[in-house]
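Here's the structure, in structure tokens; my notes come after.
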Amino acid sequence: MSIAAGKLRVILFGLVQVLKHTARKYPEFAARVAEHDVIAQIKAKDENLGRWFQFKGGKITSGFGIHAKPDVAIAFKNARIGASLLTPPFNWLDQINAQKDFTMTVEGDDGLLNWFAQTIMLTQSIGYDIGVPQADGSTRYCNMANGGPLFVYVKDGKIIRTTSIDFDDSDPQPWTIEAKGVKLTPPRRTTLAPHGQNSKAMVYSPDRCLYPMKRVDFDPNGERNPQNRGKSGYVRISWEEALDLVSSEIKRTKKTYGPGVMAVSHGSHHTWGNIGYYLSALYRFRNAVGHTAVHHNPDSWEGWYWGAAHHWGYSLRVGQSETYGTVEDCLQNSEMIVFWSADPETTSGSYGAQEGTVRRQWLKNPKLGVKIVHIDPFYNSSAQFLPGKWLAPKPTTSVATAMAIAYVWIKEDLYDKDYVASHTIGFDKWKAYLMGDEDGVPKTPEWQEAETGVPAKDVRALAREWASKRTYLAPGGWGNGHGGACRNQTGIQWARVMVCLIAMRGLGKPGVNMGNLQWGAPVDLNFYFPGYAEGGMSGDIEGTSLPVELYQRMPQLPTMNTSNQKIPRIFMPEAILEGKADGFLWNGKSIEHQFAKVSYPAAGHAPVRMLYKYGGSMIGTMNNTNRHVKMYQSENLEFIVNQSIWFEGEAKFADLVLPACTNFERVDISEWAALGGYGHHGQQQVNNRVVIFQAPAIKPLGESKPDYWIFTEICKKLGLANYFNEGMNEIDWVKRQFEASDLPKHISWKKFIKKGYFVVPTEKEHLRAPVSFRWFWENRAKDVPEPLPLPSDYSGEYLKGLQTQSGKLEFECNSLLRANDPERPPIVKYEPSWEGTHSGAMFEKFPLQLITPHSKYSFHTQGDGKDSYLLNIEDHRVEIDGWHYWIIRLNPLDAAERGIKKHDLVKVFNDRGAVLCAALPTSRLVRGTVHGYESCAIYEPMGEPGKSIDRGGCLNLLTPHRTQTKSTHSLAGANALVQVEVWNGKVEHMSEAFAKESPPATPMKRELAARPPDPQPASFAEYAPAK
Amino acid sequence: MSKWNMIIDVAECTNCHLCTLATSDEYVDNEFRGYSAPMPKHGHRWIDILQKERGQGTMIDIAYVPTMCNHCDDAPCVKAGRDGAVTKRADGVVLIDPVKSKGQKQIVDSCPYGHVWWNDALQIPQHWNFDAHLLDAGWKQTRGGQVCPTGAMKAVRIDDADMAAKAKNEGLQRMNEELGTKPRVWYRNLARFNTAFIGGGVAKIVDGLVECAEGATAVLSKDGGEIARQRTDNYGDFKFDGLAENSGAYVVEISDGGASRRLDVVLKDSVSLGEIRL
């Protein structure tokens, strides 16, 4: 016998002993061993040697050699390969290569093999010592919510409490910034967003899906009754029946119709954790099965992607800029911050809890001498927290305010002319437009006052003050975009004009930059831990940022969807109901990728007939969502499965509900605010980088299961289980992610899972990331630590200049000159909203402008509803006669005019639908504007779904789904015209659009037809490329 | 002996509600024997954040004020409770015994602050007990104090003389001190909640355009006597703050160069006078 054969023989003998020992020691493992009677063979083909393992009635027997009739087998090409692959610690690249090279193959039933492989892997993890025992008999675990890291105290299998994390003595000391003689250091702890502290209520919500459920009048072999979705009840079924149903429907629809027949639709967010995240497990599953992707619009970026990117690039950041070093620069060098449609105190940046709050609180120190200005139709939470001048433009109009500021700077010679000359192109064209040379209308403060309602004198005063101070411009929640005005009808113009303003001030000079202290904290960014958008275990090298770094660090089987069909998400109802929908691509590789069309159906593909839906957030978060009700009740969807944690929103429209568990009931690993991909280095939002081992604090409630388990079990019925999970348990992937990161250089796996968290050591002051755009201002090679834009997108030398064609900030955008798009002229111009004060008859009928910004207490639908603690917050919902109503805010005079008093039940409505809300008169809004958060979890029609008043608070029933421009797949629905009146007690609301029985004509077309032709700029002809 | 006090900074409260959520997290579905029975999921506001919106137009501000059981040293609830149901501990904490207090609804009625809550299901009065079970287990902060992102809510354990000195030096106030129950919850910047302002924006015509009048003088008078004087900022704004609500007639006189305006104000709630054109 060769040495390798001998080694393999010893390893296999050892494996038997390990299996038997583990079964003796852990009853849970013994129970698993008893699940199947199976004979499994492990062998080396070349030497024809091996060992068989028999599991029978919970007993394990084994023998050397080749069994005559094994049920399943794992075969190595030879003993050397077998011995190498079975010797811990496992080299994952070798494992993957062996599968790709077919030097490791499997035989027999996929499900049994997978069970055998997972059983072997379980011997490694079952004894892990997790959590820290407490004096009161509880155990302290850690977890990560979308709202921040948590200690989770568990006693007798129940979560007792969840708290933010106070660091212990062994954790590092935080950084210090010295600014204007003041030393600024963040506290040694983590913070939470409100929804993070709501976690326990979300876990133990009575709205949890606890069992697989089938709609009572859905018969896969008979009447399916799609018209009753959202109306009929459910009956509990077994997991076996549920798995059979979903897997047989996948097979049936594919065989009947062809590839792409199943659409997969998920929300924009999920419960936190790199392995269980939708971009990880779901993406691996959906690629393995094949699907029509529901292609997302860049939902919180919108105007930045479709607009700002043309001026400065950053397509891989979806049009938002680099943010490095800006906390230090802002505190040390700036004298003013202009918050423009920016409310970080409400939005927490993205997953940043209240880390930015801690830093912004420093701005109240008079020694720093930073003045604050807020521009927003709503006196938002950031304005409340950071007192300063408040300008309140009517929704969608502040583009005009920005132009008037630029006008004053030009008129009074107050901008940085040297910078404009050396670092930008096309300014003269824009200047001509602003001064009225082009269209005869100078964009004066008085001109903007007529449009915005902001006094001209205040705009002049702001323009002059801005010019006299080194100023940070802070648009959106991140301070460089995100949320806010980029999501309404003029969002593209707004994001564009923001870049133009900062370009006139000398972007990159000390104290002149984009930011509001939400991003740009001086943490160590060289320490690698993957963000969620890096795809976890997805293997998806096209749809995630896996190829950038994680794929090399965590080798895994690649996955690739074979269907080339996509549905542009905004028009999903049209795709299903009318069989046709057009949109445009969200792909950050270059600026120009966005010009590519996404058309459904794709040539030669099957129409979508099955929907695999993840959760119930769409009705609350998409626009004009009575369309979705209609879609769900369409017979064009033969089968809808919804894998959901909570029974809410459109989960109630599914034929089959698969109960998923929360991240507190399964294992995972993650870093706080680590986005990756489109949000590269999102950890700049936090004061201390914290990586968490997300321990399963409790067992899954009811029969709910981890998504990973659900996908594995479905895959078993499709023969895909070993491809899906590589024979591993969820925790093995977690360990693989740990090993792929820089964590092992600092902490052992054993210590990490015991303690539950790791605080990344603080960066030395002289090694902190440089300030964004400083390199650009100083004409140096780019030196901030982001691997973008891609090398071929530099026009000149690599790392010299921006991604734009000129390498400079472009007032006149070369990419838009080439695109020849009348709605996005090469220079930014003001075009009033198509749903606003210029909307004529519609504005007369619905005279109030409703804004629907991101919510303060819930994270979109997460945390809302679910009978959670958030319902007790009167600025979130208010209880009236036993029901918690959504809040609608309106100016006291508008309220009085309508006879509306505080907490009256009011009907908020337009032709798209009606929502019952509780009124809150408040001076936080100027007249004519009403405010309600954008995304409730509850859709509760009081009568016929789609045709009655909703009392859940779904204001997105009322918002337009039309895109900002025809040539972009851009959400525009953060603003809508509505009327508000005291509720008369009637539940019917037959809107015009839904009065007809037949599906409406594509609303996109109808609305465009009703609108006057788009004005062709006089000067447009000269931009058109020569034919 | 040192005793517990709660100090709340009204200027730093953002209404994030982490303190109320943490309190729900701690008490809903949890029983702490000898301290507290579970809190109902809805209906009780052991910590209740009051709010005050001041002003009109675009000159407004909002104050948020977390309120809770004041752990009064002269607590009416201690007197109202029978059979030792409500006790005052040596560390200042008032405890309502979840067993002994059963059926004693009069304890709820005794609190002038409305911060004892009736649990209908359990038939007991309940309150925020300073998270006494956690303090006794060594916690240095309450749940609300631990999680507060801005440090607006902080528990301190010092003796009464030091606390009195601290209150005097730092201008701390107690809610409705006139009730005489000697609360142990103190507020910084409470004026943002319980006083009013008179403000406005001064404008003038320069070269045919309306401009903000920076550097104009605004004088506030009452009963013929000057109370305060300000220079307008670059937006022409002035704001006289800290005035008593419902304090009657005031006169605001604006002057800039040769021009002047006089405005009469009867103050109830805060007043934003809007644009004042010279």
Side-chain angles (χ1 to χ4, degrees), chain A residues 135-136 158 160-164 166 187 189 191-194 196-201 204 345 353-355 357-358 361 364 379 381 384-385 387 389-392 445-446 454-458 460-462 464-465 856-857 867-876 879 884 892 922-924 926, chain B residues 11-30 41-45 49 51 53-64 133-134 137-138 140-141 143 146-152 201 203-204 206 209-214 233-237 272 275:
Chain A
D136 66 353
K158 183 186 144 194
I160 300 297
R161 72 173 61 87
T162 58
T163 73
S164 54
D166 291 324
R189 60 165 178 153
T191 55
L192 284 169
Q197 186 63 84
N198 191 44
S199 295
K200 196 176 99 177
Y204 291 113
E345 300 312 329
Q354 305 213 32
E355 293 292 281
T357 307
V358 169
Q361 196 176 16
K364 296 185 172 196
Y379 185 82
S381 294
Q384 185 275 331
F385 183 52
K389 182 69 180 173
W390 174 37
L391 306 185
E446 278 71 17
V454 177
K457 67 179 173 59
D458 291 347
R460 263 191 295 277
L462 171 61
R464 290 167 189 155
E465 181 176 35
K856 182 176 171 86
Y857 299 104
D867 194 36
S868 85
Y869 308 146
L870 292 190
L871 303 187
N872 299 331
I873 299 174
E874 285 208 341
D875 279 301
H876 183 72
E879 185 180 348
H884 290 93
T922 172
S923 296
R924 299 173 74 174
V926 289
Chain B
E12 302 306 325
C13 178
T14 66
N15 199 34
C16 75
H17 270 275
L18 280 175
C19 54
T20 71
L21 292 164
T23 302
S24 292
D25 179 85
E26 185 67 25
Y27 293 103
V28 174
D29 291 334
N30 284 337
K41 200 177 198 179
H42 306 298
H44 281 205
R45 297 178 184 277
I49 303 178
Q51 50 183 284
E53 214 173 273
R54 305 191 310 166
Q56 303 84 30
T58 55
M59 186 181 278
I60 70 165
D61 59 28
I62 306 171
Y64 298 109
H133 63 291
L134 295 176
K140 304 292 180 220
Q141 278 298 327
R143 288 295 309 268
Q146 189 265 345
V147 78
C148 181
T150 62
K204 60 184 178 184
V206 180
L209 294 174
V210 182
E211 296 280 9
C212 298
E214 182 177 2
D233 67 13
N234 61 312
Y235 296 99
D237 290 347
S272 305
E275 183 187 314

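Predicted model, so just to flag it, every value in this text is computed and none were measured. Labels below follow one simple rule: chain letters A, B, ... track the order of the sequence lines, proteins then strands, and each chain is numbered from 1.
In terms of heavy-atom pairs under 4.5 angstrom with chain B, the leader among A:Asp458, A:Val358, A:Thr357, A:Asn198 is A:Asp458. Between chain B and the options A:Glu879, A:Glu345, A:Lys856, heavy-atom pairs under 4.5 Å are most frequent for A:Lys856. Ranked by non-hydrogen atom pairs under 4.5 Å with chain B, the options A:Asp875, A:Thr191, A:Val926 are led by A:Asp875. Interface check for chain B: of the options A:Asp166, A:Leu192, A:Thr162, A:Leu870, the most heavy-atom pairs under 4.5 Å are formed by A:Thr162.
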In sequence, state the C-alpha distance, the side-chain angles, and the governing distance for B:Asn30 and A:Ile160, and then conclude on side chain to side chain contact (heavy atoms under 4.5 Å, CB included). CA-CA 7 Å; B:Asn30 284 337; A:Ile160 300 297; 3.6 Å; yes
What verdict does the side chain to side chain contact (heavy atoms under 4.5 Å, CB included) test give for A:Tyr204 and B:Val28, after you've listed the backbone C-alpha separation in whole Å, the side-chain angles of each residue and the deciding distance to 0.1 Å? CA-CA 11 Å; A:Tyr204 291 113; B:Val28 174; over 6 Å; no
Determine, stepwise, if the pair A:Gln384 / B:Thr14 fulfils side-chain hydrogen bond (donor to acceptor under 3.5 Å, both in side chains). CA-CA 7 Å; A:Gln384 185 275 331; B:Thr14 66; 5.7 Å; no
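A:Glu446 touches chain B through its side chain: at least one heavy atom from C-beta onward sits under 4.5 Å away, while N, CA, C and O do not. The contact between A:Gln197 and chain B is made by backbone and side chain atoms together, counting heavy-atom distances below 4.5 Å. Only the side chain of A:Arg464 comes within contact range of chain B, judged by heavy atoms closer than 4.5 Å. Neither the backbone nor the side chain of A:Leu391 comes within contact range of chain B; no heavy atoms are under 4.5 Å apart. For A:Ser868, the part sitting under 4.5 Å from any heavy atom of chain B is the backbone (N, CA, C, O) and nothing else. Proximity to chain B is absent for every atom of A:Ala353, based on heavy atoms less than 4.5 angstrom apart.
In this structure a side-chain-to-backbone donor-acceptor pair under 3.5 Å is present from A:Arg189 to B:Gln146.
The nearest pair of heavy atoms linking A:Ser164 to B:Val147 is OG-CG2, 3.9 Å. The shortest non-hydrogen separation linking B:Asp61 to A:Tyr379 is CA-OH, 3.6 Å. For the pair B:Leu21 and A:Pro194, the tightest heavy-atom approach, listed with the atom from each and the gap, is CD1-O, 3.4 Å.
B:Glu211 has a carboxylate O that lies under 4.0 Å from a charged side-chain N of A:Arg460, or vice versa, which qualifies the two as a salt bridge. A salt bridge links A:Glu874 to B:Arg45: one of the charged nitrogens lies within less than 4.0 Å of a carboxylate oxygen.
Distance check, rounded to the nearest 0.5 Å: CD of B:Gln141 to OG1 of A:Thr163 gives 13.0 Å.
Under the 4.5 Å side-chain criterion, counting only non-hydrogen atoms from C-beta, B:His133 is not in contact with A:Asp136. B:His42 is not listed as a side-chain neighbour of A:Tyr869, based on a closest heavy-atom distance of 4.5 Å or more.
Shown are A:Lys389, A:Glu465, A:Lys457; of these, the side-chain hydrogen bond (donor to acceptor under 3.5 Å, both in side chains) with B:Tyr235 is made only by A:Glu465.
A donor atom on one side chain and an acceptor atom on the other are not found under 3.5 Å apart for A:Asn872 and B:His44.
A:Tyr857 pairs by the ring pair (Phe, Tyr, Trp, His ring centres under 6.0 Å) definition with B:His17, not counting sequence neighbours.
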